[in-house]
2 protein chains.
Amino acid sequence: MQQSSFTTSAPSRSAADAPLLDRLRGLIVSGVVPPGDLLGETALAEEFEVSRTPIREALKQLEREGLVEIRPRVGTFVRKPSQREIYELFQLKESLEGLAAGLLAQRGDVPELRSLIRNVESEHDVVRAGDRAAYSTLVHDFHHTLIAGADNQKLSEHYELLMNQLAYHRIVTQTLALPGRLDASLGEHQQIVLAIQSKDPITAELATRRHVAQTRENAALAAFREDGASPSN
Amino acid sequence: MQQSSFTTSAPSRSAADAPLLDRLRGLIVSGVVPPGDLLGETALAEEFEVSRTPIREALKQLEREGLVEIRPRVGTFVRKPSQREIYELFQLKESLEGLAAGLLAQRGDVPELRSLIRNVESEHDVVRAGDRAAYSTLVHDFHHTLIAGADNQKLSEHYELLMNQLAYHRIVTQTLALPGRLDASLGEHQQIVLAIQSKDPITAELATRRHVAQTRENAALAAFREDGASPSN
DNA sequence: CTTACATTCGTTGCATGCAAGAAAACATCA
DNA sequence: TGATGTTTTCTTGCATGCAACGAATGTAAG
């Protein structure tokens, strides 16, 4: 419950005029400010060199996004999703990505599909090289491209909301560290792309949902390892 | 682009301490304040007898929910979703309700299932009586119960966000007015409930998705009738 | 009549002040 | 020591003031 100062080095002159909300959200989803920490209006106001008013507005938005908890007259704290919430979010993720894959499979030859193909090729390379960190990045890109390929703005918005809530969890639990998971994940990605290329929406959707379900199960395993000590939360 | 006063009768003493955000949202989703209207901070502050600050915070939230558009230094206006957005929202709706039906079918005999069964029975009665208004209400309950039955809080939240954006559209286009739609809709509901009772998640999901897709197509038809004049938007 | 320009008006954006409440620190007493 | 009441401190919640910007209006020139 401490108050970390999160000043990396300079007086915060990185993304100068980036919307305040995005900068604050970035602090949370990047893990710079970990769950439990207090986000004091006054402190943030000084940090970002604005008054408390715009800070307040941003914090309220973050509350509605599920990233912080505002305890009235007490303070705003970075929130850590419960295991239950994470499970629920993964269920949603499965459904939304399945939808996206199906839609993309119906769209013919679009840039996003080509992007996916290239992405999987890169994944193949880094898996052979055993570079887990690089693969992690590519996985992130893969799923984002898949969503973008659905050509549905509302879907993208809901997906991002969802992934922001899972961000910290993703940072902490290294699901790809489980033995054999790298190769399995790659294979699943290949199946998904193949189905999309074949313009087979049903197979594409099913393959995607299976893949996400796999990820969910592995995440639960990894979380169990990590969390071991702390009860529920 | 006028500024409606939306004072029904008394000086607004209905839901006194209901959270400001909900009251404001209610004005929009209920259609009391139609799209295009200005929501002036000063006017709202007087109407709700608070200062501009909490009004501002609420309006910003509504913007993120897609219900209003804030034009900086100009004003906040009630937003009317484009046809494209409505289409996208229906795609999401289809996916989410399908997910809910599948999850509910896996849950065994829960209160929500019994509620659905009773609901469909009532629907059967009002359809025989030809009471379209009553059926419309029951349809609303049906879909909400279905979502609730999934026992997934996050799903419910996303679903509500989505439906709020469709609320005004739902008011305007009476999709059930199309000939034969009442009976067809009832039949689809019956199929859904039957699949859930049979603990068949796959059939339940598919039946639900078909049903929502039907609704979407009919909504498009109804909207085409209505909208006739105004170009795109 | 049309166009360009200046001015006024309306609206938000943000800073700040003050009060209310919660939590912590402290003192007091048994 | 332990428990209890009190004070102090820290935080937000809301009201308000003022500046800045956009739109609309009025005015004059061509």
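Note that the coordinates shown come from a computational prediction; the quantities given were computed from them, not determined experimentally.
- Taking atom CZ of residue Arg52(B) and atom C1' of nucleotide dC14(C), one finds them 9 Å apart after rounding to whole Å.
- The distance between atom CD of Glu49(A) and atom C1' of dA15(C), rounded to the nearest whole Å, is 15 Å.
- dA15(D) atom P lies 13 Å from atom CD of Glu41(B), rounded to whole Å.
- Counting all heavy atoms, side chain and backbone alike, Gly31(A) lies closest to Ile171(A) at N-CD1, 4.0 Å.
- Counting to the nearest Å, the C1' atom of dT12(D) and the CD1 atom of Ile70(A) are 10 Å from each other.
- For the OP1/OP2 pair of dC14(C) and a distance below 4.0 Å, the side-chain nitrogens and oxygens of Ser51(A) include no atom meeting the criterion.
- Counted within 6.0 Å of CZ on Arg114(B), heavy atoms from surrounding residues, nucleotides or ligands total more than 12; the atom is thus considered enclosed.
- The listed nucleotides are dC14(C), dA15(D), dG13(D); the one nearest the side chain of Pro54(A) is dC14(C).
- With rounding to whole Å, Lys60(B) atom NZ is found 9 Å from dG13(C) atom C1'.
- Between Val50(A) and Gly75(B), the residue anchored nearer the 5' end of DNA chain C, judged by the nucleotide with its closest heavy atom, is Gly75(B).
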I'd like a table of atom pairs between the protein and nucleotides 19-25 of chain D - only N or O on both sides, under 3.5 Å - with the distance next to each one.
{"from": "dA20(D)", "atom 1": "N3", "to": "Arg73(B)", "atom 2": "NH1", "distance (Å)": "3.4"}

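- Closest non-hydrogen pair, Ile147(A) versus Ser156(A), comes out as CG2-OG, 3.7 Å.
- Whole-Å rounding puts the Arg56(A) CZ to dA15(C) C1' distance at 14 Å.
- At whole-Å resolution of the value, CD in Glu57(B) and P in dC14(D) are 7 Å apart.
- Salt bridge status for Glu85(A) with Arg79(A): present, with a side-chain N to carboxylate O gap under 4.0 Å.
- The existence of a salt bridge linking Arg209(A) and Glu205(B) is confirmed by a sub-4.0 Å separation between a basic side-chain nitrogen and an acidic carboxylate oxygen.
- Evaluation of atom-type donor-acceptor distances gives a pair under 3.5 Å for the side chain of Thr53(B) against the base of dT16(D).
- Distance CZ (Phe77(B)) to C1' (dT12(C)): 11 Å, rounded to an integer number of Å.
- Glu157(B) places none of its side-chain heavy atoms less than 4.5 Å from the side chain of Glu88(A).
- Ala101(A) approaches Ile196(A) most closely through the heavy-atom pair O-CG1, 4.2 Å.
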